[in-house]
Amino acid sequence: MRVFITGASGHIGSAVVPALISGDHEVIGLARSEASAAAIEAAGGRALRGDLDDLEGLRAAARAADGVIHLAYKHEAMVTGDYLGAAEDDLRVVRALGEALTDSGKPFVGIAGTLALAVPGRRDRPGTEHDTVESGPRIDAENFVIGLAEHGVRSSVVRLSPLVHSSLDHHGFTPMLIEIAATTGVSGYLGDGANRWPAVHTLDAARLIQLALERAPAGSRLHGVADEGVPFREIAEVIGQRVNVPVEPIAPEEAMAHFGFLGRVVGLDDATANAITRELLDWEPVHPGLIEDMKAGHYFAGR
Ligand SMILES: NC(=O)c1ccc[n+]([C@@H]2O[C@H](COP(=O)([O-])OP(=O)(O)OC[C@H]3O[C@@H](n4cnc5c(N)ncnc54)[C@H](OP(=O)(O)O)[C@@H]3O)[C@@H](O)[C@H]2O)c1
């Protein structure tokens with residue numbers, strides 16, 4: 001299949017591109033800079049210079065492809081405080097890609113996050129692929145992509161764990177939490193730290209995204225989850241030990257000051273199941289879990 005991928009040069013894209021190429025697909029990756037183009041070409045794909053703001057360019061690339069995977073996201077805007085603006089731009093992008101694919105029968109894989117299902121305190125049961133949220137930032141894009149199934153698109157959404165981890169992860173939430181601990185001198189958690197976060201290894205996530213492209217039924221919500229829920233305090237403990245700082249509760253009113261924009265989510269319980277995804281696509285995560293991967297040391301090299 002000739003596959004158009006946005007975000008091909010990013011963390012997860014850097015695993016998806018080689019996975020697709022090994023699966024005999026042809027990859028055309030959106031690149032907004034020479035460096036991104038070079039990364040895509042080094043991984044065996046073809047770079048298409050462009051930007052997420054060029055909706056006409058995105059439509060043309062989607063029409064020319066046999067399938068689309070949309071991984072790009074304006075994380076820079078999100079991290080610097082324009083969380084809503086990043087989500088609005090993303091919704092514009094999925095609408096443009098969706099319009100181009102309408103009535104084509106082609107696959108369109110969108111990305112969302114399990115954190116949309118998270119709650120303060122403790123969930124009474126892990127979130128499942130059947131759980132939905134009516135609307136909200138990023139959620140509107142997820143629901144739009146799923147709705148494309150009614151318009152002749154084999155659309156699916158992979159809801160990724162907030163912690164997609166591996167040695168390919170240089171600026172995700174795991175390195176951010178490590179940096180926060182190093183700069184504040186405390187590896188923190190909220191409450192008793194028993195709230196759980198799911199996690200998935202980058203290579204397992206990439207395999208799932210490939211399977212979604214190849215054979216997810218139209219309208220599938222899929223969970224990119226391997227560890228169903230790691231207690232946040234366990235994560236903080238590994239970080240504290242490796243960074244050599246104390247592991248301590250952070251007062252709720254200090255959460256934003258300590259964790260920055262992550263303060264909104266660090267205390268949420270996001271235990272998430274993956275049984276439906278595994279069965280539907282015969283997907284089996286095989287790479288190390290979060291704690292094993294963190295203990296392997298690559299996240300702390302040079303500290
Ligand atoms: N990593 C995680 O733990 C995680 C967890 C849950 C969900 N997700 C979601 O999974 C998707 C992929 O995440 P990731 O970790 O691979 O992200 P990433 O490493 O930050 O990569 C983002 C990609 O988007 C591209 N991009 C950003 N702004 C762009 C623009 N204006 N025009 C064109 N391209 C642009 C980047 O291009 P450059 O290379 O040029 O910067 C890069 O290829 C995102 O939707 C993310 O929110 C990730």
Side-chain angles (χ1 to χ4, degrees), residues 1-8 12-13 16-17 19-21 23-31 40 45-74 87-113 116 129-160 206-224 276-277 280-283:
M1 207 185 292
R2 183 187 164 103
V3 189
F4 174 54
I5 312 189
T6 70
I12 296 168
V16 172
V17 172
L20 291 179
I21 288 170
D24 274 342
H25 298 290
E26 186 191 342
V27 171
I28 294 104
L30 182 70
I40 293 165
R46 193 150 63 72
L48 175 72
R49 287 300 300 272
D51 192 279
L52 287 177
D53 292 328
D54 173 13
L55 299 182
E56 202 36 62
L58 295 178
R59 286 189 196 95
R63 278 191 215 103
D66 302 313
V68 174
I69 299 174
H70 172 48
L71 295 171
Y73 199 80
K74 293 188 177 177
E88 280 163 16
D89 284 356
D90 186 55
L91 183 57
R92 269 192 281 278
V93 169
V94 296
R95 283 194 173 130
L97 294 169
E99 271 163 36
L101 296 175
T102 295
D103 292 331
S104 67
K106 294 175 186 174
F108 177 18
V109 183
I111 301 293
E129 293 82 341
H130 295 322
D131 291 321
T132 57
V133 180
E134 204 171 311
S135 71
R138 276 216 96 156
I139 294 161
D140 294 336
E142 169 181 323
N143 291 340
F144 178 83
V145 174
I146 292 299
L148 289 170
E150 306 295 319
H151 298 277
V153 183
R154 186 164 61 75
S155 66
S156 60
V157 167
V158 176
R159 289 174 174 159
L160 286 171
R207 173 73 184 145
L208 175 58
I209 290 165
Q210 177 184 358
L211 291 173
L213 176 88
E214 292 173 347
R215 52 181 147 98
S220 308
R221 288 181 164 90
L222 304 160
H223 280 181
I276 294 169
T277 301
L280 188 69
L281 295 180
D282 200 17
W283 172 65

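Note that CG of Asp103 and CG of Leu148 are 10.5 Å apart. Values are rounded to the nearest 0.5 Å. Note that the CD1 atom of Ile21 and the CD atom of Glu26 stand 9.5 Å from one another [nearest 0.5 Å]. With rounding to the nearest 0.5 angstrom, the NE2 atom of His223 is 10.5 Å from the CH2 atom of Trp283. Separation of atoms CD1 (Ile276) and CG (Leu281) is listed at 11.5 Å; rounding is to 0.5 Å. With rounding to the nearest 0.5 angstrom, the CZ atom of Arg207 is 10.0 Å from the CG atom of Leu20.
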| side chain to side chain contact (heavy atoms under 4.5 Å, CB included) evaluation trace for Ile111 with Ile12 | CA-CA 11 Å; Ile111 301 293; Ile12 296 168; over 6 Å; no
| said: What verdict does the side chain to side chain contact (heavy atoms under 4.5 Å, CB included) test give for Arg138 and Val133, after you've listed the backbone C-alpha separation in whole Å, the side-chain angles of each residue and the deciding distance to 0.1 Å? | reply: CA-CA 11 Å; Arg138 276 216 96 156; Val133 180; over 6 Å; no
| request: Run the numbers on Asp89 and Arg92 for side chain to side chain contact (heavy atoms under 4.5 Å, CB included), then give the verdict. | output: CA-CA 5 Å; Asp89 284 356; Arg92 269 192 281 278; 2.5 Å; yes
| task | Kindly determine whether Leu52 and His70 satisfy side chain to side chain contact (heavy atoms under 4.5 Å, CB included), including the steps that lead there. | result | CA-CA 10 Å; Leu52 287 177; His70 172 48; 4.2 Å; yes
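Between Val68 and Leu58 the shortest side-chain heavy-atom distance does not fall below 4.5 Å. In this structure, the side chains of Leu211 and Leu222 stay at 4.5 Å or more apart for every pair of heavy atoms. Taking the side chain as every heavy atom from C-beta outward, Thr6 and Ile69 never approach each other to under 4.5 Å. Between Ile146 and Thr132, every side-chain heavy-atom pair lies at or beyond the 4.5 Å cut-off.
Residue pairs that meet the side-chain hydrogen bond (donor to acceptor under 3.5 Å, both in side chains) test with at least one member in residues 142-158, sequence neighbours left out, are Glu142-Arg159, Glu142-Arg221, Asn143-Arg221. Within the structure, side-chain hydrogen bond (donor to acceptor under 3.5 Å, both in side chains) pairs that include any residue of residues 46-63 comprise Glu34-Arg49, Asp53-Lys74, Glu56-Arg59, Arg59-Glu99 (at least two apart or interchain).
Considering Leu71, Leu213, Val27, Leu208 as possible partners of Val16, the one that fulfils the side-chain contact (heavy atoms from CB on, under 4.5 Å) test is Leu71.
Legend: residues meeting ring-ring contact (aromatic ring centres under 6.0 Å, His included) with Tyr73, ordered by chain and number and at least two apart, are His75. Applying the salt bridge (Lys or Arg N to Asp or Glu O under 4.0 Å) rule to Asp140 yields no partners; only residues at least two apart in sequence or on another chain are considered.
Of all the heavy atoms in Phe144 and Val94, the pair that sits closest is CE2-O, 3.4 Å. Between Ile40 and Ala31 the shortest heavy-atom distance is CD1-CB, 3.9 Å. The heavy-atom pair separating Val17 from Gly45 by the smallest distance is CG1-N, 4.3 Å.
At a cut-off of 3.5 Å, with distance as the only test, no side-chain donor of His25 or Asp66 sits close to an acceptor on the other residue.
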